Amino acid sequence: MLQLFAMQVSGVDFTEERWRPYLSQKRIEEAGRRRAGQNRRLFLGAEALLNLALERCAPEAERPAAYRRNAHGKPYLLPPDDGIFVNWSHSGEYVFLALADREVGVDIQIATAPPRDALVRRVLSAREQQVYDAAPKSRQTKIFYEFWALKESILKAQGTGFGAPLPEDRSLYPAHVLEFRDGDYAAAVCCRGGMEDAEIQYL
């Protein structure tokens with residue numbers, strides 16, 4: 001099982017009563033310590049999207065969901081819902097989330113700012129740099145962020161964070177770039193042990 005969800009949060013007021021069932025008190029309190037504006041909306045939107053997705057895919061699950069994080073920040077639902085694996089990401093105006101029956105990682109990147117050459121050389125492998133360099137200038141920025149999102153999704157599926165090396169054997173953590181409806185974004189998903197086709201549901 002793999003279900004993908006995205007939500008645009010610009011202009012959303014998560015203090016409205018209709019969002020109360022989808023946000024934990026802890027998340028609301030943590031949001032209050034963040035600067036008001038888009039950063040706070042993304043922070044609240046991630047948990048709201050998690051609970052909206054659970055409402056659709058696992059209506060028996062507790063909501064708002066209770067979860068812990070591992071040493072690298074990856075969230076895991078607490079029993080009795082720990083058979084559902086979750087991961088989320090946010091960038092720009094969107095939060096992006098996956099629910100699965102196995103380890104999963106997702107990433108979304110706003111793909112409009114051309115990367116510096118030093119960043120390209122640091123992030124991309126030699127083969128990826130060849131693909132990047134051979135692409136038309138008009139496509140290079142998007143290609144860079146697609147590679148970035150792929151790497152992030154793999155590392156998040158592993159639960160290790162971006163500072164860790166990528167696995168040498170990628171067959172255990174297959175990943176692919178997704179078609180996102182807003183062309184200014186790059187998104188990717190990785191599932192441990194195998195990949196399923198899944199369309200992004202926009203809420």
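Only this structure's heavy atoms are used, side chains among them; waters, hydrogens and symmetry mates stay out. Note that the structure is a prediction, hence the values are computed from the model and not measured. Residues: numbered from 1 along the sequence shown.
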S89-E152 side chain donor-acceptor pair, cut-off 3.5 Å: no
Looking just at side-chain N and O atoms, do R41 and Q38 make a donor-acceptor pair shorter than 3.5 Å? yes
Side chain to side chain donor-acceptor pair (under 3.5 Å) against [X], all qualifying residues, sequence neighbours excluded:
X	value
R33	none
R102	E196
K142	none
E17	none

Quick check for you: to the nearest 0.5 Å, what is the distance between [X] atom [atom1] and [Y] atom [atom2]?
X	Y	atom1	atom2	value
E62	S24	CD	OG	12.5 Å
I110	T141	CD1	OG1	12.0 Å
L155	D107	CG	CG	9.5 Å
R181	Y202	CZ	OH	6.0 Å
L42	S10	CG	OG	7.5 Å
D101	I84	CG	CD1	10.0 Å

Once side-chain contact (heavy atoms from CB on, under 4.5 Å) is applied, do any residues pair with [X], and if so which ones, sequence neighbours excluded?
X	value
F85	Y76, E103, V104
A198	L2, L4
D117	none

If you define the side chain from C-beta out and look only at heavy atoms, does anything of [X] sit under 4.5 Å from [Y]?
X	Y	answer
V123	F147	no
K74	K156	no
Q158	H72	no
L150	V177	yes
Y132	P115	yes

Does [X] share a hydrophobic cluster with [Y], counting links as ILVMFWY side-chain heavy atoms below 4.5 Å and allowing steps through other members?
X	Y	answer
F96	L52	no
L97	L77	yes
I108	L49	no
V9	V86	yes
L50	L78	no

Minimum heavy-atom distance [X]-[Y], with the two atoms named:
X	Y	value
A98	V106	CB-CG1, 3.4 Å
N70	G159	ND2-O, 3.0 Å
I143	A135	CD1-CB, 3.3 Å
L203	M7	O-CG, 3.5 Å
N51	A65	OD1-N, 2.7 Å
I28	R20	CD1-NH1, 3.3 Å

Contacts of R139 that satisfy salt bridge (charged side-chain N to carboxylate O under 4.0 Å, His left out) - sequence neighbours left out: E146
Salt bridge (charged side-chain N to carboxylate O under 4.0 Å, His left out) with E16: which residues, sequence neighbours excluded? R18
When you measure from the side chain of Q129 to the backbone N and O of A126, does any donor-acceptor pair fall under 3.5 Å? no
State whether the side chain of R40 and the backbone N or O of R34 hold a donor-acceptor pair below 3.5 Å, judged by distance alone. yes
Is R116 atom CZ crowded by more than 12 heavy atoms from other residues, nucleotides or ligands, each under 6.0 Å away? no
In this structure, are over 12 heavy atoms from other groups packed under 6.0 Å from E199 atom CD? no
Does the separation of the ring centres of Y94 and F5 fall below 6.0 angstrom? no
Keeping to residues at least two apart or across chains, list the ring pair (Phe, Tyr, Trp, His ring centres under 6.0 Å) pairs with something in residues 6-47. F14-W19
Electrostatic pair E47-K26, nearest N-O below 4.0 angstrom: no
Among all residues two or more places apart in sequence or in another chain, which pass the ring-ring contact (aromatic ring centres under 6.0 Å, His included) test with Y67? W88
Which pairs would a plain distance check flag for residues 182-195, meaning a side-chain donor or acceptor within less than 3.5 Å of a matching protein atom at least two apart in sequence or in another chain?
from: D182; atom 1: OD1; to: D184; atom 2: N; distance (Å): 3.0
from: Y185; atom 1: OH; to: E93; atom 2: N; distance (Å): 2.9
from: R192; atom 1: NE; to: Y173; atom 2: OH; distance (Å): 3.4

